[in-house]
Amino acid sequence: MPKPVFDHKAIETTLQKKWEDAKLYETNLADTSKEPYYLLFEFPYPSGDLHIGHWYAYAITDIYARLLRMKGKNVLFPIGFDAFGLPAENAAMKQGANPKEWTLANMEKMRGQIRSIGASLDWSKEVVTCSPEYYQWTQWLFAKLYEHKLAYRASASVKWCPKDQTVLANEQVTDGKCERCDTEVVEKKLTQWFMKITDYAERLLSDLDELPWREEIKEAQRAWIGRSEGAKLLFPLGACTVEADPIEVFTTRPDTVFGATYLVLAPEHPLIESLLACIGNEKEVRAYRDATARKTERERSENKEKTGVQLEGIMAVNPATKKEIPIYVADYVLASYGTGAVMAVPAHDERDFEFAKKYDLPLIQVVQPTDGIFREPITNPNYVPYTGNGTLINSGKFDDKENFKVFSDIIEFAGGERTTNYRIRDWLVSRQRYWGCPIPIVYDPEGMPHVIPAEHLPWKLPEDVDFSPTGKAPLASSKELHERVERIFGKGWTPEYDTLDTFVDSSWYYLRYLDAKNPRAFSDADAMRAWLPVKRYSGGSEHTTMHLLYARFFHKALYDLALVPTAEPFQERYNRGLIMGPDGQKMSKRWGNVVNPDEMLEKYGADAVRMYLAFIGPYNEPGHYPWKLDGVEAMRRFIDRIYQLSERVADGEVSSVLQKALVKANVKIESDSDRFKFNTALSALMVLVKELETMESVPASAWSSFLIMLAPFAPHLADHLWETAGNEGSVHSAKWPEADIELLNEDTATVTVQVNGKRRGEVTLSSSATEEEARTAAFELPAVAVLLAGGEVKKVIYVQNRIINIVMG
RNA sequence: GCUGGAGUGGCGGAAUUGGUAUACGCGCUAGUCUUAGGAACUAGUCCCUCACGGGUUGCGAGUUCGAGUCUCGCCUCCAGCACCA
């Protein structure tokens, strides 16, 4: 007779409908009788193709949501769509679709696919960033930031993606390429909208210390913010026919200023233009400037050989030595960092050394190493620049002092000031694309920007638009938008054509979940007080220096405007791993290794897919996991074994052995799940099932406890068996069994016996056995006795219930 | 190059945080059932050895009664940053 199997096709969708009809997962945010727990994952972009990775994101966090609910927490587990963005526009151009319709259709399709995995999501709070109900508040918040000078318009050299025909934020450029399409970016000087994230650099950095995030994530953010302490020093110009301010440099090594033998300006340094008139080699300098302007930053850094041109006929004065030193323009100095000018200390800086060698510039050693290690002297051709600490020489009155002890004194002596510099640049938020949130700004006839008053929000995205990207923002082609602006603001007024980067939309969506339908405010103050910060936030590693940084900035800015009650948005952060194709490669149509999620569900069922994903590895660290059918089949077997086990359920007493097994599983599932280690939690469940399988009949009460523990992992199977076992309601409304840890205290314990640290056997002792008793028992072991005869016992180490180690001479 | 994280069976990964290394699962081997199975079930499965034994957590040292876990040095992989002054 064939064994019965779990008929997932018939059962899973029926149960999902039942849960939804019962509104089982709609969280009452005002319910204060239970402790709130805000569990969040990064909301999806509606690309239209659901990836197994989506389920990995939702189904595995769902395990925890279900567990917490059964443990009596009021759990907020919401979902929405990050619905503005480029792919919609690209599809529009390719297939002639309308970006809005394309997006809405994809969302509808994905809602069904997401639902089919059986996650306990609260859809009633769904947030869609491209809906006017949402983006009016993105605009409102932008206006707030603008009023407080945290959003501003400025001309700057920015990164431009030639393929996507839009500017990009620095964070969206990896290795000189567009994050999205991998095209090499170029620099352009453009007037754009920025957010003043640099104002928050220090707090974004120092507040990391208090966050219980993985060091990896925190370090990546620290590196991105890139704080360095140093000084600003002024180098006045020598004789020159034009009146010019001193050249300001930033240095982290003011202690080496006596060794600065030349200055270098970045090719884009504004001073060069005003000096061109009084330098001897104007043509040459212009030519060099133009040549570097044509290169991308990447091309500049790839060129290992340093290049530059001296500004002839003009000198700067070293403020420490008062001596005149030459000035160069060279592209190894970046205009975007510090002051765009550096003092070169070739004796103690590798880059300056390289440049000085090429152009035969003088080296002055000012730091003498004191570590006693032999190094080539500076007069030797093999000299390598020494960048460490030591004793100062050739430094006037600072000679013989330790360099790091006189930092401040030297800065003062040279007339400079201490400063801190950050690598991070202001966040560029405007995009020359259609499918994004319109920037709520209009320009008066003089071209001055004005924020659009709140009564005109949502400032709607026009529909009569030519999407094709020409480098000019598509919104410029809208007749309706022009008419709207003139109608409301007057003749000669013009709209802002750029839209906001989607990362602006996603910087506050977790606030909107708390009051998703509110037409009067972006969120509810009481709800924010009760629910923020988000307790646990799960997402992808790729967002460490993008979304995660932006959202922290945005939140802090709102905090300063008293709009949110906490300084940080997310308490805990977990970066999830990646589900790869069966071949271990990233799933891609190009490799033909894309796993169709719907087929998996059809064949194995949602519970098997869920459990496979849970078991694949620890969820609290980002690994790369190939999708293996063998693994899914194993979970399918496990499900059927449980299903078959249900036929043995009968009335009866729960033995103490079984009781212990239940408690053990309970404790492990709880503690492992708290650490997002669902793989080991599930293994505890497997051990318990093995235990149950050894029994002729499974007592009904033990079976119910088991089903509750199974419920987070296999919600359909558990609820179905809960019902067939004759229980009331849904297993998902049941209470998690209280673990009686006392039961785990065994009367006896197996104690390992070691001689000189080597395992020689084990003895079973009462768990309260004294050292004396353990010793006696251990000495009686034949394997031990043999060794005892050959020597003298020097020491005995006894760890109760664990180990006894006999140390012999 | 700098910074951070990590190296455990054929594979994904366990190890109460210093106390029986390899849980759980995959794969593999043998068997049972079957006309057959790439189904299901049962048993075995770190390495060397017929065995007795011995060895094993990237490599080498150290601390300790005892080290996968702590310390130091090296190697390798992953990630972030990278001409950042």
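We name chains A, B, ... by the order of the sequence lines, and we start the count at 1 in each one.
U3(B) atom C1' lies 6 Å from atom CD of E219(A), rounded to whole Å. Between D672(A) atom CG and A14(B) atom P there is a gap of 10 Å when expressed in whole angstrom units. Following rounding to the nearest Å, R802(A) (CZ) and G66(B) (C1') show an atom-to-atom distance of 14 Å. Counting to the nearest Å, the C1' atom of C81(B) and the CG atom of N170(A) are 13 Å from each other. One atom, CZ of R775(A), and another, P of C65(B), lie 17 Å apart when rounded to the nearest Å. At whole-Å resolution of the value, CG in D630(A) and C1' in C24(B) are 16 Å apart. In this structure, CZ of F615(A) is placed 17 Å from P of C11(B), rounded to the nearest angstrom. Across the protein-nucleic acid pair, R636(A) atom CZ and G25(B) atom P stand 18 Å apart, rounded to whole Å.
Residue contacts for V807(A): at a heavy-atom cut-off of 4.0 Å it reaches the sugar-phosphate backbone alone, with no base atom in range. Using a 4.0 Å heavy-atom cutoff across all strands shown, R637(A) reaches sugar-phosphate atoms only and no base atom. Nucleic acid contact class of R760(A) (heavy atoms, under 4.0 Å, all strands): sugar-phosphate only. At the heavy-atom level, P622(A) lies nowhere under 4.0 Å from the strands shown. The residue K232(A) sits apart from the nucleic acid: no heavy atom pair falls under 4.0 Å. Using a 4.0 Å heavy-atom criterion, one finds that L334(A) contacts the bases of the nucleic acid, with or without backbone contacts as well. E621(A) comes within contact range of no nucleotide atom at all, as no heavy-atom separation falls under 4.0 Å. When heavy atoms are screened at a 4.0 angstrom cut-off, V751(A) is found touching no nucleic acid atom at all. Within the nucleic acid shown, S228(A) comes within 4.0 Å of sugar-phosphate atoms alone, with no base atom in reach, counting heavy atoms only.
The residue from W224(A), F503(A), Y550(A) that alone fulfils the ring pair (Phe, Tyr, Trp, His ring centres under 6.0 Å) condition with W427(A) is Y550(A). Residue Y604(A) forms a side chain to side chain donor-acceptor pair (under 3.5 Å) with just one option from E633(A), E599(A), R636(A), and that option is E633(A).
The listed nucleotides are C81(B), C26(B), C83(B); the one nearest the side chain of R423(A) is C81(B). Closest to the side chain of A223(A), out of A14(B), C65(B), C81(B), is C81(B). Distances were taken from every side-chain heavy atom of K795(A) (C-beta onward) to each of A85(B), G19(B), C65(B); the shortest belongs to C65(B). Counting only heavy atoms from C-beta on, I803(A) has its side chain closest to G19(B) among C24(B), G19(B), C81(B). Considering only the side chain of Y625(A), G12(B) comes nearest among G12(B), G27(B), U20(B). Of the candidate nucleotides C83(B), G5(B), C81(B), C83(B) has the atom lying nearest to any side-chain atom of D331(A). For A634(A), taking side-chain heavy atoms from C-beta onward, the closest of the listed nucleotides G19(B), G25(B), U17(B) is G25(B). Listed candidates were A21(B), G55(B), G66(B). Nearest to the side chain of K758(A) is G55(B). Among the nucleotides A21(B), C83(B), U3(B), the one closest to any side-chain atom of R759(A) is A21(B). Out of U20(B), C24(B), C41(B), the shortest distance to the side chain of T750(A) is found at U20(B).
Judged by atom type and distance alone, K306(A) reaches the base of C83(B) through a side-chain donor-acceptor pair under 3.5 Å. In the interface, the side chain of N805(A) is paired with the base of C65(B) through a donor and an acceptor atom under 3.5 Å apart.
Between E42(A) and R573(A) there is a salt bridge, since at least one side-chain N of the basic residue sits less than 4.0 Å from a carboxylate O of the acidic one. Ion pairing of R222(A) with E215(A) is present here, as a side-chain N (NZ or NE/NH1/NH2) and a carboxylate O approach within less than 4.0 Å.
A perpendicular orientation is assigned to the rings of W627(A) and Y612(A), their planes being inclined by more than 60° (bins at 30° and 60°). Using bins of under 30°, 30° to 60° and over 60° for the plane-to-plane angle, the ring pair F355(A)/Y359(A) lands in the tilted bin.
Rounded to the nearest Å, the gap between the P atom of C2(B) and that of G10(B) is 34 Å. Rounded to whole Å, the separation between the C1' atoms of G58(B) and C41(B) comes to 40 Å. The P atoms of A6(B) and C70(B) are separated by 9 Å, rounded to the nearest whole Å. G7(B) and C11(B) have their C1' atoms separated by 16 Å, given to the nearest Å. For the C1' atom pair drawn from A15(B) and U57(B), the interatomic distance equals 11 Å after rounding to whole Å. Spacing between G60(B) and U42(B) at atom P, rounded to whole Å, works out to 42 Å. Between C46(B) and G27(B), the two C1' atoms lie 15 Å apart (nearest whole Å). As rounded to the nearest Å, C24(B) and C75(B) have C1' atoms that lie 32 Å from one another.
For G37(B), the base adopts the anti conformation, since its glycosidic angle falls more than 90 degrees from zero. Syn is the conformation of U17(B), whose glycosidic angle sits no further than 90° from 0.
Considering only side-chain N and O atoms, K628(A) lies nowhere under 4.0 angstrom from the phosphate OP1 or OP2 of G27(B). Proximity of K690(A) to the phosphate of G25(B): a side-chain N or O atom is located under 4.0 Å from OP1 or OP2. Contact between the side-chain N/O atoms of K668(A) and the OP1/OP2 oxygens of C24(B) is not found at any separation under 4.0 Å. Between Y337(A) and A85(B) there is a side-chain polar atom (N or O) within less than 4.0 angstrom of OP1 or OP2. Contact annotation: N421(A) does not reach the phosphate of A85(B) (side-chain N/O to OP1 or OP2, under 4.0 Å).
For C2(B), the paired nucleotide is G80(B), the pair qualifying as Watson-Crick or G-U wobble because both relevant distances are below 3.5 Å. For U45(B), the paired nucleotide is G27(B), the pair qualifying as Watson-Crick or G-U wobble because both relevant distances are below 3.5 Å. Across all strands shown, G37(B) has no partner, as no Watson-Crick or G-U wobble contact with both distances under 3.5 Å is found. Partner assigned to U20(B) is none, using Watson-Crick or G-U wobble distances below 3.5 angstrom. Pairing for C72(B) is with G60(B), a Watson-Crick or G-U wobble pair whose two hydrogen-bonding atom distances lie under 3.5 Å.
Checking T252(A) against G631(A), the closest nucleotide of RNA chain B that is more toward the 5' end is the one next to G631(A). Nucleotides of RNA chain B nearest to G338(A) and N756(A) differ in position, and the one nearer the 5' end is that of N756(A).
Using modelled atom types, one finds no donor on one side chain facing an acceptor on the other under 3.5 Å when comparing S228(A) with N421(A).
For F676(A) and F678(A), the ring centers are positioned less than 6.0 Å apart.
With hydrogens and angles ignored, the 3.5 Å screen pairs a side-chain donor or acceptor of Y288(A) with a backbone N or O of T307(A). The backbone N or O of N389(A) lies less than 3.5 Å from a partner atom in the side chain of Y386(A), making a donor-acceptor pair.
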